[in-house]
Amino acid sequence: MDVGFEQYAYPVHAHDTYFFGNTDDGAQSFVCRGERHVRVAGLVMAFNPDEPHDGRSAVHHGYCYRMLHLGEDLVREVLADADPGRTRLPLFGTPVVDNSALARAVARLHTSVSRTHPDWKSRSASPPPCWP
């Protein structure tokens with residue numbers, strides 16, 4: 001999912017999937033686990049399934065970001081391939097990960113999914129200024 005917002009604020013909600021995102025422009029502010037976080041370009045948002053959070057712009061010109069929803073079954077399958085003895089799903093210790101290699105990998109995966117699945121649609125509240 002590609003999204004760009006200036007004024008819209010997400011109410012508190014959760015997803016039943018793992019949720020990975022990159023901010024491409026601007027900054028996003030959100031509350032998760034009782035703390036306010038700000039995510040800017042280069043940081044990855046990583047939510048565990050069913051983790052409540054909200055979201056809004058942290059800057060006057062808004063923000064654009066890309067999100068991937070990965071189901072628990074897919075994560076379990078990938079981890080089983082990587083580590084056949086693994087039975088537990090991972091839980092992220094923090095909703096904001098400062099890891100440039102991970103940020104690049106999430107962006108590449110998002111681009112790959114959007115190119116290889118023509119029925120996959122971006123959603124945007126308004127035309128985001130950071131994508132053609």
Side-chain angles (χ1 to χ4, degrees):
M1 172 173 62
D2 301 343
V3 184
F5 293 116
E6 289 182 18
Q7 301 297 322
Y8 182 78
Y10 287 106
V12 174
H13 64 284
H15 308 275
D16 61 357
T17 60
Y18 285 95
F19 198 60
F20 300 96
N22 283 3
T23 298
D24 291 321
D25 185 54
Q28 182 182 14
S29 172
F30 62 94
V31 173
C32 183
R33 302 182 195 170
E35 294 183 38
R36 179 150 308 276
H37 303 272
V38 175
R39 184 173 56 127
V40 297
L43 301 179
V44 175
M45 183 187 302
F47 291 141
N48 300 307
D50 301 318
E51 190 158 58
H53 59 280
D54 65 4
R56 68 187 83 264
S57 181
V59 294
H60 74 279
H61 68 277
Y63 62 101
C64 294
Y65 69 100
R66 306 171 199 218
M67 299 303 292
L68 292 169
H69 296 260
L70 302 178
E72 289 183 23
D73 290 343
L74 175 62
V75 172
R76 186 176 283 112
E77 183 179 320
V78 168
L79 292 175
D81 286 347
D83 183 3
R86 185 180 186 112
T87 58
R88 296 185 65 206
L89 287 169
L91 292 176
F92 295 99
T94 179
V96 177
V97 180
D98 186 0
N99 182 312
S100 58
L102 179 60
R104 287 190 304 273
V106 169
R108 282 192 311 271
L109 180 57
H110 182 276
T111 299
S112 176
V113 168
S114 64
R115 286 185 183 156
T116 59
H117 296 281
D119 58 333
W120 185 80
K121 301 289 183 204
S122 303
R123 288 186 285 174
S124 178
S126 61
C130 47
W131 300 304

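All residue numbers refer to positions in the sequence shown, counting from 1.
With a 6.0 Å radius and a threshold of 12 heavy atoms from other residues, nucleotides or ligands, Arg88 has its CZ atom at or below the threshold.
When ring centroids are compared, Phe20 and Phe92 come within the 6.0 Å threshold.
Across all non-hydrogen atoms, the minimal contact from Pro90 to Asn48 is O-OD1, 4.1 Å. Contact record, Val40 with Ala27: CG1-CB, 3.6 Å, taken as the closest heavy-atom pair. Nearest heavy-atom pair across Leu68 and Val106 is CD1-O, 3.9 Å. Here the shortest heavy-atom pairing between Pro95 and Arg33 reads CD-NH1, 3.9 Å. Heavy-atom minimum distance, Glu72 versus Leu89: OE1-CD1, 3.5 Å.
Between Phe30 and Phe47, the ring-plane angle classifies as perpendicular under the 30° and 60° cut-offs.
Under the side-chain contact (heavy atoms from CB on, under 4.5 Å) criterion, Ala103 pairs with Asn22, Val44, sequence neighbours left out. Judged as a salt bridge (charged side-chain N to carboxylate O under 4.0 Å, His left out), and not counting sequence neighbours, the contacts of Arg76 are Asp73.
To the nearest 0.5 Å, atom CD of residue Gln28 and atom OG1 of residue Thr23 are 5.5 Å apart. Between the OG1 atom in Thr94 and the NE2 atom in His37 there is a gap of 5.5 Å [rounded to 0.5 Å]. A distance of 8.5 Å separates NE2 in His53 from CD in Glu51, rounded to the nearest 0.5 Å.
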| Arg66 and Thr111: CA distance, side-chain angles, deciding distance, side-chain contact (heavy atoms from CB on, under 4.5 Å) verdict | CA-CA 9 Å; Arg66 306 171 199 218; Thr111 299; 3.2 Å; yes
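Residue Val96 is grouped with residue Met67 when hydrophobic side chains (ILVMFWY) are merged at heavy-atom distances under 4.5 angstrom, including chains of intermediate members. The hydrophobic cluster containing Val31 does not contain Val38, counting ILVMFWY residues as joined when their side-chain heavy atoms lie under 4.5 angstrom apart, directly or transitively.
Judged purely by atom type and a 3.5 angstrom limit, Thr17 has no side-chain atom pairing as donor or acceptor with the backbone of Phe19.
Contact of the Val97 side chain with the Leu43 side chain is not registered, since no non-hydrogen atoms from C-beta on lie closer than 4.5 Å. Two residues are said to be in side-chain contact when any heavy atoms from C-beta on lie closer than 4.5 Å; Val12 and Asp54 meet this criterion.
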